[in-house]
There are 2 protein chains.
Amino acid sequence: MELSDFLLSLTPFDSHELKDITSHFEQEFIPKNTLLIEQGQVCKKLYYIKKGMVRSYYLKEDGKEITQWFFSVGKFMSSVDSFFQQRPSLYYLETLEDSVVYSISKEKMDLLFSKYHKMEQLGRLASIEMLTKVVNKLNAIQFQSARERYEYMLAEFPDISHRVPLGYIASYLGMTSETLSRIRRG
Amino acid sequence: MELSDFLLSLTPFDSHELKDITSHFEQEFIPKNTLLIEQGQVCKKLYYIKKGMVRSYYLKEDGKEITQWFFSVGKFMSSVDSFFQQRPSLYYLETLEDSVVYSISKEKMDLLFSKYHKMEQLGRLASIEMLTKVVNKLNAIQFQSARERYEYMLAEFPDISHRVPLGYIASYLGMTSETLSRIRRG
DNA sequence: ATACTTTTTTGATTTAGGTCAAAGGAAACC
DNA sequence: GGTTTCCTTTGACCTAAATCAAAAAAGTAT
């Protein structure tokens, strides 16, 4: 989906506004397995994914990577609290496929927020949407068996489940690779 | 904390704006153990808690109550997606103590959102703050032992842990009452 | 193609925390 | 104040999923 269509799906901008807003984004082509942000860095950009797939993850004390979220086409993506509060990121962001994104800096985003009342609204709506999804995952993780969590995953990210390494999905779901492998076996 | 101080802590309203905004809220006194919303109802109000404590919970298929969140003084509270999207609530909201709240309807809230650009900003900031907290909990729940989760709880809600029944906390943390009791023993 | 690395699968074993059951304590109600 | 109901603690036992280890499979690079 194009950025402008995505924006329109949340808030009714007119065509001039839309043009101005999208002009603040830059298109970037990012190869597979590239880190967009590293843990500890302040996240400078917010991204819209036009094509491809990205995951966020963090490192446990023992060095294991824990996938925190998957972002696919047609979504905003960032290390959200790092970007908005300009604090060190708790997460890495990594492309899982060759990707095309539109990016915008914090400064430009703030400029749009203050220029357009409707842009603030969009920010609020997108945040609430994300909040709902995270709450959803939380409910799945908190009280479901490993098999049920995997089913939640299939429902929430149907496209992803066979495009990324099993280990990434396992850690996203809070289980080991061995367990997920056994679940898939049937 | 008074509502106006809370609003000011997120966004710099001037005193006229503040007066207008707070005038759209109604003060309500709500006794302990009152349901503010039931599962399946559309949530009509957003609340600011001036005094007291509230929890949200849902019922599992087997009828068990699962605490989903605790809200204490100085926070906005609602069945967020039900309120903003006007969909049936997945949760119950229940006061845990005699409480004093300020409430506002969806219509009035929308009115404020469209009247004040800064109000949208406040909505966005409050949403992101909530999002950060939920992500936090998710991380705690997903990969920590029962004991560590309890420690997360003590850090996140220091005031709550000895004011509410143990069972509510246990389900909030994704463990049984028996387990939490054993953890507390030491 | 061949060698090397990484990921996935499979099996054996362990363990944290769940379940079941029953006894103490606290709080609510008459 | 005494009953009744609910909440918490404790113990015995069980189970889902983790850990450990090693083989098989899939990718990547030379």
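Each chain gets a letter, A, B and so on, in the order the sequences are listed, and its residues count up from 1.
One interatomic measurement links the two molecules: CD of B:Q144 to P of D:dA18, which rounds to 15 Å at whole-angstrom precision. The distance between atom CD of B:E148 and atom P of C:dA16, rounded to the nearest whole Å, is 12 Å. Across the protein-nucleic acid pair, B:M175 atom CE and C:dT15 atom P stand 20 Å apart, rounded to whole Å. One interatomic measurement links the two molecules: NE2 of B:H162 to C1' of C:dA26, which rounds to 16 Å at whole-angstrom precision. The interatomic distance linking B:N33 (CG) with D:dC7 (C1') rounds to 14 Å, in whole Å. For A:I183 and D:dA18, the CD1 to P distance is 9 Å, given to the nearest whole Å. Look at OH on B:Y150: it is 12 Å from P on D:dT8, rounded to the nearest Å.
Phosphate proximity of C:dG17 to B:T176: absent, as no side-chain N or O sits under 4.0 Å from OP1 or OP2. One finds no side-chain N or O of A:S145 lying less than 4.0 angstrom from the OP1 or OP2 phosphate oxygen of D:dA16.
For the residue pair B:Y92/B:Q68, the side-chain donor-acceptor check at 3.5 Å is not satisfied. Using modelled atom types and a 3.5 Å distance limit, the side chains of B:Y150 and B:Q144 yield no donor-acceptor pair. Side chains of B:S127 and A:S127: a donor-acceptor N/O pair is absent below 3.5 angstrom, by distance only.
Cation-pi geometry between B:K75 and B:F70 is not met: the NZ or CZ atom fails to fall both under 6.0 Å from the ring centre and inside 45° of the normal.
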For each nucleotide in nucleotides 6-12 of chain C, reading 5' to 3', give B when a protein heavy atom comes within less than 4.0 Å of its base, S when such contact involves only the sugar-phosphate, and - otherwise. --SBBBB
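Relative ring orientation between B:W69 and B:F157 is described as perpendicular, the plane-to-plane angle rising above 60° on a 0-90° scale split at 30° and 60°.
Atom CD of A:Q41 has more than 12 neighbouring heavy atoms from other residues, nucleotides or ligands inside a 6.0 Å radius.
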